[in-house]
There are 2 protein chains.
Amino acid sequence: MKKVTMADVAKLANVSKSTVSQYLNKRYEYMSEETRKRIAQAIEELGYQPNVIARSLKQKTTATIGVIVFNMLHMLTTQVLHAIEEECQKRGFHVIICNSDDDPEKEKKYVNMLLAKQVDGLIVFPTGKNEEVYRPLVEERFPLVFVDRMVPGVEVDSVLLDNFKAAEMAVDYLASHGYDRIAIVIPPLVAYNVPRMERFEGFRIAMEKRGFVVDENNIIAVTPALLPEELKKRFAKPERPNALFAINDLALMGVLRFVKETDIRVPEDLAIINIDDVPFADIYTPMLTTIAQPTFSMGKKATEQLFVQIEQKRKEKPRVFRFSPILKERTSIRRKDK
Amino acid sequence: MKKVTMADVAKLANVSKSTVSQYLNKRYEYMSEETRKRIAQAIEELGYQPNVIARSLKQKTTATIGVIVFNMLHMLTTQVLHAIEEECQKRGFHVIICNSDDDPEKEKKYVNMLLAKQVDGLIVFPTGKNEEVYRPLVEERFPLVFVDRMVPGVEVDSVLLDNFKAAEMAVDYLASHGYDRIAIVIPPLVAYNVPRMERFEGFRIAMEKRGFVVDENNIIAVTPALLPEELKKRFAKPERPNALFAINDLALMGVLRFVKETDIRVPEDLAIINIDDVPFADIYTPMLTTIAQPTFSMGKKATEQLFVQIEQKRKEKPRVFRFSPILKERTSIRRKDK
DNA sequence: CCGGTTTATGAAAACGTTTTCTAAACTAAA
DNA sequence: TTTAGTTTAGAAAACGTTTTCATAAACCGG
């Protein structure tokens with residue numbers, strides 16, 4: 001049943017395959033009203049569907065892009081993906097989604113598979129490794145954009161949060177509300193995780209700018225699962241922080257779990273702020289003041305940028321787009337006099 | 001650069017394309033160690049990557065499946081998708097993701113595009129419409145499975161929550177904890193939304209079984225955004241419910257927002273239970289008792305089932321897999337004596 | 001009625017594989 | 001040495017399009 005081909009249409013319409021092809025590609029220029037009608041009818045009658053694969057082989061273009069993400073379950077991912085899908089939909093493109101699970105090996109395998117599949121471009125939330133995989137791609141001007149993270153040593157159009165600003169926003173907001181003992185809560189620092197490093201650096205710089213010292217004890221850098229434990233230890237020690245800056249939603253969960261297990265009151269005893277707007281922010285008590293990422297705009301931009309690369313083959317120097325974080329003022333922070 | 005083809009490899013290795021093809025498909029049977037080595041080396045030397053498109057054209061199989069979801073942002077979707085991706089990854093398949101946005105027209109367009117793209121199978125979270133689109137597919141035995149919802153009038157392998165059981169679980173749990181005035185919170189009822197209807201029916205039946213009457217006032221069927229408002233109205237009336245059963249996470253959000261705006265205490269004045277485990281369930285105060293869907297198993301099953309369809313062309317009668325909900329007992333419900 | 005334009009169509013060669021069938025080369029037996 | 005069988009490898013025809021080029025038909029002014 002699935003076997004009706006262009007040749008069949010041609011036969012039925014009494015024209016050649018070439019003519020049918022013309023018709024399909026809307027090259028009506030030199031085609032009589034008559035034939036056009038006959039073809040249309042033949043197509044209708046046979047329920048003909050062009051075989052996209054065959055066309056792709058000829059045209060070397062697939063109207064498909066690949067997206068590789070390092071964490072499919074993360075909300076940021078979901079939202080950016082949503083925007084990507086939407087933009088592609090507008091252009092008649094399809095999206096193949098791959099989950100590297102933060103494993104550079106998988107990531108590598110996927111980019112190769114996607115290239116073999118002749119995708120027209122790639123949007124990657126990179127693990128941060130695999131420099132040698134991406135380098136040839138940029139050399140070759142293969143359409144590629146990074147989102148959220150970068151790969152040190154590879155220059156590619158990238159769509160990132162302005163992490164410095166986000167961190168600064170956090171400490172400024174806290175400081176201007178009278179908090180002076182601010183701790184940062186962050187997963188373990190690894191050099192290739194650019195946003196993490198940037199947020200940390202941004203924090204440190206903002207603190208210094210404000211004249212605060214960053215006590216080693218106030219850098220809670222531990223894997224999220226261990227966070228409640230670690231925080232408990234920290235709060236057993238003297239000079240308790242009076243504000244916590246959680247670097248992302250996972251860290252926030254750790255913080256919230258910790259808070260729940262103690263009798264610390266928020267915001268009376270402890271202010272909380274974090275990066276990533278979470279869906280329950282205004283349902284939680286107190287409502288959580290967060291620093292949101294403009295996920296939708298980021299996904300849109302990433303896709304748009306990919307398409308400029310796809311369309312104009314010659315490419316200028318890669319650009320890094322930094323998106324401004326958005327402060328969502330709620331009630332987990334309170335004016336407090338020193 | 002991207003132009004190295006099998007012919008090039010053949011030339012360099014001094015063999016014919018056929019032989020290279022054999023090699024690539026691991027048909028080593030009648031191939032000397034010698035040639036095998038030469039080919040391997042030629043491939044290595046040229047950095048040859050087979051063109052999957054060309055192969056697909058010949059083999060009429062693309063190692064790609066399409067997934068159409070009606071809501072990309074929903075957590076259920078994300079999690080099921082994650083499992084699907086993982087299962088496909090194991091089998092060397094790719095997944096194209098499309099968001100119908102709960103618009104039957106888009107959904108229809110997408111299934112046609114995906115078919116034209118020659119995907120080997122389709123997993124759909126259907127809007128519930130488009131019977132006429134799916135019917136021919138099942139006739140033709142095209143690999144297809146539905147997830148979460150169904151399409152009335154089309155019999156297809158489906159992976160669904162056991163919605164009756166979920167609803168029953170909710171009322172049983174509530175009832176056995178002494179709650180007797182249970183209200184259901186649910187988006188507007190529409191016939192083609194199968195899970196919604198089933199949950200509602202399940203609720204009604206379970207209530208009757210328990211000897212409770214379902215007061216019309218205790219069916220809060222309104223779009224989630226209007227929920228806080230509507231609940232406020234309901235609680236202004238007499239015979240307030242002492243327990244709320246939210247049919248899904250969106251309804252839950254409405255409930256929680258409502259609770260936050262009033263001084264009703266949970267669980268003292270009001271018990272809450274809902275379907276869909278939410279990430280903040282044990283961070284919220286009180287911790288939320290929920291009825292979780294086994295999303296991962298569902299995604300896995302859907303994919304497995306799709307692959308049995310793909311592999312064995314002849315297909316027995318479609319099966320509906322009902323997954324048992326999982327009660328997550330927490331503290332938003334309390335023993336209470338009448 | 002005749003060359004020269006237009007206008008409309010078709011033949012055939014790609015695209016890069018897989019696959020079938022045939023042939024060459026080698027081996028062992030006669 | 002021939003013969004028959006066994007390995008090994010290649011030629012060529014697909015797969016379903018697009019695209020280039022040639023040419024046929026129709027038109028048209030002189």
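Labels below follow one simple rule: chain letters A, B, ... track the order of the sequence lines, proteins then strands, and each chain is numbered from 1. All values below come from the heavy atoms of this structure, side chains included, with hydrogens, waters and symmetry mates left out.
- Side-chain proximity of A:Ser16 to the nucleotides D:dT18, C:dG10, D:dC15 is greatest for C:dG10.
- Checked for salt-bridge contact, B:Glu86 and B:Lys90 miss the test: no charged N lies under 4.0 Å from a carboxylate O.
- Contact detail for B:Lys106 and B:Asn99: the closest heavy-atom pair is CD-O, 4.2 Å.
- Atom NZ of A:Lys17 is separated from atom P of D:dG16 by 10 Å (rounded to the nearest Å).
- Looking at the side chain of A:Val15, the nearest of the listed nucleotides D:dA11, C:dG10, C:dG16 is C:dG10.
- A:Asn14 comes within contact range of the sugar-phosphate backbone alone, with a heavy-atom separation under 4.0 Å but no base atom that close.
- Of the residues near DNA chain D, A:Met6 and B:Arg36, the one whose nearest nucleotide (by heavy atom distance) lies more toward the 5' end is B:Arg36.
- In this structure, A:Asn51 does not reach the D:dC15 phosphate: none of its side-chain N or O atoms is under 4.0 Å from OP1 or OP2.
- Distances shorter than 4.0 Å separate some side-chain N or O of B:Ser32 from OP1 or OP2 on D:dA9.
- Looking at heavy-atom distances under 4.0 Å, B:Ser56 makes no contact with the nucleic acid at all.
- Between the side chain of B:Lys58 and the base of C:dT19, no donor-acceptor pair of N or O atoms lies under 3.5 Å.
- Within the structure, every side-chain polar atom (N or O) of B:Ser21 is placed at least 4.0 Å from both OP1 and OP2 of C:dT19.
- Between A:Arg91 and A:Glu311 there is no salt bridge, since no side-chain nitrogen of the basic residue lies less than 4.0 Å from a carboxylate oxygen of the acidic one.
- The distance between atom CD1 of B:Ile53 and atom C1' of C:dA14, rounded to the nearest whole Å, is 17 Å.
- In this structure, B:Tyr48 reaches the sugar-phosphate backbone alone: every heavy-atom distance under 4.0 Å involves primed, P, OP1 or OP2 atoms, never a base.
- No more than 12 heavy-atom neighbours from other residues, nucleotides or ligands sit within 6.0 angstrom of CZ on A:Arg319.
- Between the CD atom of B:Glu34 and the C1' atom of D:dA9 there is a distance of 13 Å, given to the nearest Å.
- Residue B:Gln59 contributes atom CD, which lies 13 Å from atom P of D:dG16 at whole-angstrom precision.
- A salt bridge links A:Arg38 and A:Glu34; the closest N-O separation between the charged side-chain nitrogens and carboxylate oxygens is under 4.0 Å.
- Taking every heavy atom of both residues into account, A:Gln49 and B:Asn112 meet most closely at NE2-O, 3.9 Å.
- Relative ring orientation between A:Tyr134 and A:Phe146 is described as perpendicular, the plane-to-plane angle rising above 60° on a 0-90° scale split at 30° and 60°.
- The CD atom of B:Gln22 sits 13 Å away from the P atom of C:dC21 (whole-angstrom rounding).
- Here D:dA9 is the nucleotide among D:dA9, C:dG16, C:dC15 with the atom lying nearest to any side-chain atom of B:Thr19.
- End-to-end axis angle of the helix from C:dC1-D:dG30 to C:dA30-D:dT1, using five pairs per end and rounding to 10°, comes to 60°.
- Rounded to whole angstrom, the span from the NZ atom of A:Lys11 across to the P atom of D:dT17 amounts to 14 Å.
- At a threshold of 4.0 Å, the pair A:Asp103-A:Lys109 does not count as salt-bridged, since none of the basic side-chain nitrogens sits closer than that to a carboxylate oxygen.
- Out of D:dA11, D:dG16, C:dT18, the shortest distance to the side chain of A:Leu57 is found at D:dG16.
- Regarding A:Leu24, its CG atom lies at a distance of 15 Å from the P atom of C:dT9, rounded to whole Å.
- The distance from atom CD of B:Gln49 to atom C1' of C:dT17 is 15 Å, rounded to the nearest whole Å.
- Proximity of B:Ser18 to the phosphate of C:dT19: no side-chain N or O atom is located under 4.0 Å from OP1 or OP2.
- Each of C:dG10, C:dG16, C:dT9 was ranked by its minimum atom distance to the side chain of A:Lys60; first place goes to C:dG16.
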